[in-house]
Amino acid sequence: MKEDYLRIRMSKRRMDKLRLYAQMKDTTMTHVIEDCIDSLKIPDIDKNSTVPLPVNPAD
């Protein structure tokens with residue numbers, strides 16, 4: 001699996017909250033973020049469609 005990197009800015013309060021949550025769950029901050037991303041609901045696209053999802057939705 002190819003891995004990419006994500007660099008984000010957030011407030012110290014949010015960073016501390018993420019760090020504390022990960023510690024309480026005995027996991028990594030990366031795993032917490034991945035779980036949040038995996039829980040995002042994306043509307044079903046026609047399963048036979050050959051149209052790929054956008055790589056950069058904001059573009």
Side-chain angles (χ1 to χ4, degrees):
M1 174 174 83
K2 179 184 173 193
E3 292 187 16
D4 281 328
Y5 293 89
L6 172 67
R7 184 175 174 171
I8 61 171
R9 286 183 277 190
M10 68 175 67
S11 68
K12 181 173 179 352
R13 180 187 61 80
R14 284 191 174 120
M15 186 66 177
D16 289 344
K17 187 174 183 177
L18 174 60
R19 187 176 287 119
L20 179 61
Y21 183 85
Q23 187 177 33
M24 289 169 52
K25 296 294 184 177
D26 193 30
T27 190
T28 65
M29 292 189 295
T30 298
H31 192 260
V32 172
I33 293 168
E34 287 175 341
D35 284 349
C36 288
I37 292 170
D38 290 344
S39 73
L40 297 175
K41 302 295 183 223
I42 298 179
D44 285 340
I45 296 178
D46 180 8
K47 291 181 175 51
N48 296 324
S49 175
T50 58
V51 179
L53 290 173
V55 174
N56 296 318
D59 289 344

### Reported NZ-to-CG distance for the pair Lys25 and Asp35, which is rounded to 0.5 angstrom
10.5 Å
#### Entry: Contact check, side chains of Ile33 and Leu18, non-hydrogen atoms, under 4.5 Å
yes
### Pair Asp16 + Arg13, salt bridge at N-O below 4.0 Å
no
#### Entry: hydrophobic_cluster_shared for Met10 and Leu6, side chain cutoff 4.5 Å
yes
#### Entry: Side chains of Met29 and Met15 in contact at under 4.5 Å (non-hydrogen atoms)
yes
### Query
Atom NE2 of His31 and atom SG of Cys36: how far apart are they, to the nearest 0.5 Å?
10.5 Å
### Cluster overlap Leu20 with Ile8, hydrophobic side-chain contacts below 4.5 Å
no
